[in-house]
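Right, one structure below, let's go through it.
Below, chain A is the first sequence line, B the second, and so on; all start at residue 1.
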Amino acid sequence: MGGFLPSRLREGAHYTRAGGRPVESLTLPVAPAILPHDSFGKDLRLPFEPLDQFLQRQKKLEQIAALGHDPYPHKFDYTATPAEVVEKYGTRTAAKLDTERVLVRVAGRILTMRLHGKAGFAHIHGQGKRLQIYVKLDVVGEPGFQLFQLLDMGDVIGVAGHLFRTKTNELTIWVEQLTLLTKALLPLPEKWHGLADVELRYRQRYLDLLVSEGVREIFTRRAQIVRELRNFFDARGYIEVETPMMQPLAGGATARPFITHHNTLDINLYLRIATELYLKRLLVGGLDRVYEINRNFRNEGISTQHNPEFTMLEFYQAYSDYRDLMDLSEELLTGLVQQVCGTTQIHYGEHEIDFRRWERLSMREAICRHWPTAAGAAPTGQQLAAAGGPRAAVERYNAWARGGHAEPTASAAKFSDGELTGLLFEAVAEPKLIQPTLLYDYPTDLSPLSKCRPDDPLLAERLEIFIGGLELGNAFSELNDPAEQERRFREQVAHGGEEVPKEVDMDYIRALCHAMPPAAGEGIGIDRLTMLLTDSHSIREVILFPLLRPEARSLAASAGERPDPGDAK
RNA sequence: AGGGGCGUAGCUCAGUGGUAGAGCAGCGGCCUUUUAAGCCGAAGGUCGUGGGUUCGAUCCCCACCGCCCCUACCA
């Protein structure tokens with residue numbers, strides 16, 4: 001415990017720390033204890049800040065218990081959630097409600113309170129909607145009203161009563177019976193602005209979900225996206241599987257893995273960087289259509305588009321090539337946008353994106369198409385295909401760029417024509433790919449897991465999906481020649497580097513030797529897809545608990561320890 | 001990793017080289033149809049941490065910690 005609170009909340013923390021020894025108690029005002037003292041006489045209350053409000057609410061909870069209420073009841077039978085009540089009765093007239101006298105039992109969290117002496121209003125929140133309640137002394141009686149006066153914003157309560165409309169015509173529950181379900185010992189964030197501190201929003205996402213506009217919708221939409229993806233593949237005869245996240249070799253992509261350790265086996269394992277090689281083993285095993293939606297882990301940088309753990313859909317289908325996936329990708333994404341957003345034209349930042357108009361471009365075509373006119377005549381496809389052609393184009397581009405027009409691209413002599421084509425694409429075309437685009441025919445040098453085009457071994461049958469400037473998906477005609485695969489693996493290992501496996505995955509080669517049918521496979525980044533469909537511009541907005549640096553220093557400080565000066569670099 | 005920005009009450013934010021301010025939340029009081037309810041009163045702060053300059057630092061300088069943004073690698 002203890003990794004989740006901002007340092008300010010930990011000031012004065014004196015619960016047991018990880019080592020099990022009780023931590024020195026800091027000076028605290030005397031207050032009623034809910035939890036007992038331990039055998040050392042240390043106070044085991046949980047003194048979080050704001051301390052005065054925490055203690056105040058503990059006191060109220062005791063008073064509520066003294067009134068005969070169970071402070072932590074086990075359940076509450078409700079007839080509808082606040083959202084359901086609003087949905088069902090939101091348009092019913094006051095007169096109709098008066099004659100019908102609709103009885104409801106509703107549970108929710110108090111988000112606002114307005115007390116008026118011997119009566120009061122509150123809003124309770126449930127399933128993303130607010131519903132007003134009205135509590136009156138002469139309706140709930142003296143004991144019920146005492147309880148009401150001991151409630152705070154943030155408390156979870158249950159109410160029973162009938163629906164009516166106030167003078168201002170707001171649908172409201174006329175509360176006849178009030179029950180505390182859980183007392184909040186800490187207050188909610190400020191009610192106008194909610195949580196503005198981005199760090200606090202991520203660290204205390206539960207509060208963010210309660211008080212920040214739209215956050216709940218992002219994650220319900222994310223769930224909907226995943227659900228629709230499953231529906232799509234399930235309806236087409238794909239089997240959903242779960243392959244190992246802990247792997248003896250981290251293959252299937254070029255990325256630095258995380259390392260973990262299994263004690264009993266006494267071996268190091270890698271957290272997977274891709275599902276690819278296991279899913280293709282399943283193709284060998286006769287699962288001709290197979291998909292997996294789950295986490296990959298890459299020990300690399302963090303940015304608005306990268307989180308160390310991220311969610312990927314990967315799917316494979318036998319007896320197909322990447323051209324089949326072009327059609328499938330369009331169908332999948334266009335249908336998904338229609339279902340999730342209710343339209344095929346969406347906004348992403350300043351862009352209007354139209355899923356009715358897909359573009360298909362080869363990488364060379366994309367370069368020709370988006371070549372800056374100011375940099376002279378665009379190279380032709382034949383020029384880019386010719387030996388030395390990409391280098392000539394890069395040199396022309398850089399000559400123009402160095403005039404202060406753009407960032408010149410790398411052009412070291414060791415780069416192959418294929419690599420230079422890739423660099424040129426990234427410099428010239430990639431930022432321009434806003435409308436849904438299928439980019440295909442990558443240089444073979446950039447695509448070690450892909451089959452080559454039969455008519456041109458310099459080109460790989462590879463496809464990427466670009467939308468809104470985001471790289472959303474990546475697909476191949478999968479390499480299934482075990483000898484060629486082993487050759488490429490050995491080349492990789494020889495090349496070395498942290499982002500390359502240390503040895504050849506011979507188990508995978510053996511699987512290929514049992515014959516993997518010709519197949520096409522594709523990966524789609526779920527986080528980025530969610531960004532696109534929720535108009536979010538940081539991956540952290542679509543991940544509930546993005547990775548943040550733990551607050552090790554302040555934790556140690558609040559536990560009464562000085563950080564080791566040797567660590568202070 | 002490099003560049004830029006931010007860190008002041010529990011939350012949202014002002015502010016100044018001379019010992020700190022508002023709103024919300026909380027506390028006490030009034031208020032039986034409110035809507036950011038209102039009115040009255042009192043309380044709440046090692047101004048991120050550590051150094052330095054200064055008679056004096058929350059403010060200026062340096063280092064560190066954390067977060068955000070941009071760039072680079074990556075999906």
### Query
With a 4.0 Å cut-off on heavy atoms, is A:A255 in touch with a base, just the backbone sugar-phosphate, or nothing at all?
nothing
### Query
What integer number of Å spans the C1' atoms of B:G21 and B:C59?
15 Å
### Message
Categorize A:E499 for me: base, sugar-phosphate, or nothing, with a 4.0 angstrom heavy-atom threshold over every strand shown.
### Response
nothing
### Task
Pick base, sugar-phosphate or nothing for A:G473, based on heavy-atom distances below 4.0 Å to the nucleic acid.
nothing
### Task
Tell me whether the OP1 or OP2 atom of B:G23 has a side-chain N or O from A:K191 closer than 4.0 Å.
no
### Query
How are the rings of A:F121 and A:H116 set to each other: parallel, tilted or perpendicular (split at 30° and 60°)?
perpendicular
### Message
Expressed as a whole number of angstroms, how long is the span from A:Q204:CD to B:C67:P?
### Response
15 Å
### Any strand: nucleotide that pairs with B:G66 via Watson-Crick or wobble, under 3.5 Å
B:C6
### Query
So, the side chain of A:R101 versus the backbone of A:H162: is there a donor-acceptor pair under 3.5 Å, distance only?
no
### Query
Where the side chain of A:L195 is concerned, which of B:C69, B:A25, B:C11 is the nearest nucleotide?
B:C11
### Query
Between the side chain of A:R462 and the main-chain N/O of A:L446, is any donor-acceptor distance below 3.5 Å?
yes
### Query
Is the shortest side-chain N/O distance from A:S538 to OP1 or OP2 of B:C69 below 4.0 Å?
yes
### Task
Give A:T112 one of three labels, base, sugar-phosphate or nothing, depending on what nucleic acid heavy atoms sit under 4.0 Å from its own.
nothing
### Message
One thing to verify: whether A:E242 and A:R272 come together as a salt bridge, which I'm taking to mean a side-chain N less than 4.0 angstrom from a carboxylate O.
### Response
no
### Message
For a quick check of understanding: with a heavy-atom distance under 4.0 Å over all strands, which category does A:E300 fall into, base, sugar-phosphate or nothing?
### Response
sugar-phosphate
### Query
To the nearest 0.5 Å, how far apart are CD1 in A:I465 and CG in A:L433?
12.5 Å
### Query
Would you call A:R201-A:E541 a salt bridge at under 4.0 Å N-O?
yes
### Message
In this structure, how many angstroms lie between the C1' atom of B:C65 and the CG atom of A:L548, rounded?
### Response
14 Å
### Query
What is the distance, rounded to the nearest whole Å, between atom CG of A:L51 and atom C1' of B:G26?
12 Å
### Query
Ignoring hydrogens and angles, does a donor from either the side chain of A:E170 or the base of B:U34 sit under 3.5 Å from an acceptor on the other?
no
### Message
One thing to verify: whether A:R165 and A:D98 come together as a salt bridge, which I'm taking to mean a side-chain N less than 4.0 angstrom from a carboxylate O.
### Response
no
### Query
Between A:N296 and A:T275, which heavy-atom pair has the shortest distance, and what is it?
OD1-N, 4.1 Å
### Task
In whole angstrom, give me the gap between the C1' atoms of B:U46 and B:G41.
29 Å
### Query
What distance, rounded to whole Å, do you find between the two C1' atoms, one in B:U19 and one in B:A72?
47 Å
## Note on the structure
Ranking B:A75, B:A25, B:U34 by distance to the side chain of A:Q53, first place goes to B:A25
### Summary
Checking B:A75, B:U12, B:G26 against the side chain of A:E190 (C-beta onward), the nearest is B:U12
### Task
Apply salt bridge (charged side-chain N to carboxylate O under 4.0 Å, His left out) to the pair A:D152 and A:K183, showing each step before the final yes or no.
CA-CA 8 Å; A:D152 289 293; A:K183 184 90 189 139; 2.8 Å; yes
### Donor-acceptor under 3.5 Å (A:R298 side chain, A:T254 main chain)
no
#### Entry: A:Q132 side-chain proximity, nearest of B:A25, B:U34, B:C27
B:U34
### Task
Provide, to the nearest angstrom, the distance between the CG atom belonging to A:L188 and the C1' atom belonging to B:G26.
13 Å
### Task
For nucleotides B:C24 and B:G38, find the distance between their P atoms and express it as a whole number of Å.
7 Å
### Task
Please measure how far the P atom in B:A42 lies from the corresponding atom in B:U34, and state the result in whole Å.
29 Å
#### Entry: Atom of A:P501, atom of A:G251 and distance for their closest heavy-atom approach
CG-CA, 4.5 Å
#### Entry: Most 5' of A:N169 and A:D527 on RNA chain B, judged by nearest nucleotide
A:N169
### side-chain N/O A:S303 vs B:C73 OP1/OP2, d < 4.0 Å
no
## Note on the structure
Atom CG of A:L185 and atom C1' of B:G26 are separated, to the nearest Å, by 14 Å
### Query
Hey, which of these two, A:G525 or A:L547, hits RNA chain B nearer its 5' end, going by closest nucleotide?
A:L547
Pull out every protein N or O sitting under 3.5 Å from an N or O of nucleotides 30-33 of chain B, one pair per line with the distance.
residue : atom : partner : partner atom : Å
B:C31   : N3   : A:G117  : N            : 3.1
B:C31   : N4   : A:G117  : N            : 3.3
B:U32   : OP2  : A:K118  : N            : 3.4
B:U32   : O2   : A:K136  : NZ           : 3.2
B:U32   : N3   : A:D138  : OD2          : 3.1
B:U32   : O4   : A:D138  : OD2          : 3.2
B:U33   : O2'  : A:K167  : NZ           : 3.0
B:U33   : O2   : A:K167  : N            : 2.7

### Query
Which of these nucleotides, B:C11, B:A25, B:A75, is closest to any side-chain atom of A:P187?
B:A25
### Task
Look at the side chain of A:H193 and decide which nucleotide, out of B:A25, B:C67, B:U12, has an atom nearest to it.
B:U12
### Task
Looking at every strand, decide which applies to A:N307 at a 4.0 Å heavy-atom threshold: base, sugar-phosphate, or nothing.
base
### Task
To the nearest Å, give me how far apart CD1 (A:I110) and P (B:G26) are.
11 Å
### Task
Using a heavy-atom cut-off of under 4.0 Å over every strand shown, decide if A:M153 touches base, sugar-phosphate, or nothing.
sugar-phosphate
### Query
According to the Watson-Crick and G-U wobble definitions, with both distances under 3.5 Å, which nucleotide is paired to B:C60?
B:G52
#### Entry: Value in whole Å for how far the C1' atom of B:U12 lies from CG of A:D208
15 Å
### Query
Considering only the P atoms, how many Å lie between B:A63 and B:U12, rounded to the nearest integer?
29 Å
### Task
Rounded to whole angstrom, note down the P distance from B:C62 over to B:G4.
11 Å
### Query
Mind checking who B:C27 pairs with, Watson-Crick or G-U wobble, both distances under 3.5 Å?
B:G41
### Query
Given the P atoms of B:C40 and B:A22, what is the spacing between them in whole Å?
14 Å
### Query
Between A:R130 (CZ) and B:U34 (C1'), how many Å, whole number?
15 Å
### Query
Can you tell me if the side-chain N/O atoms of A:R114 get under 4.0 Å from OP1 or OP2 in B:U34?
no
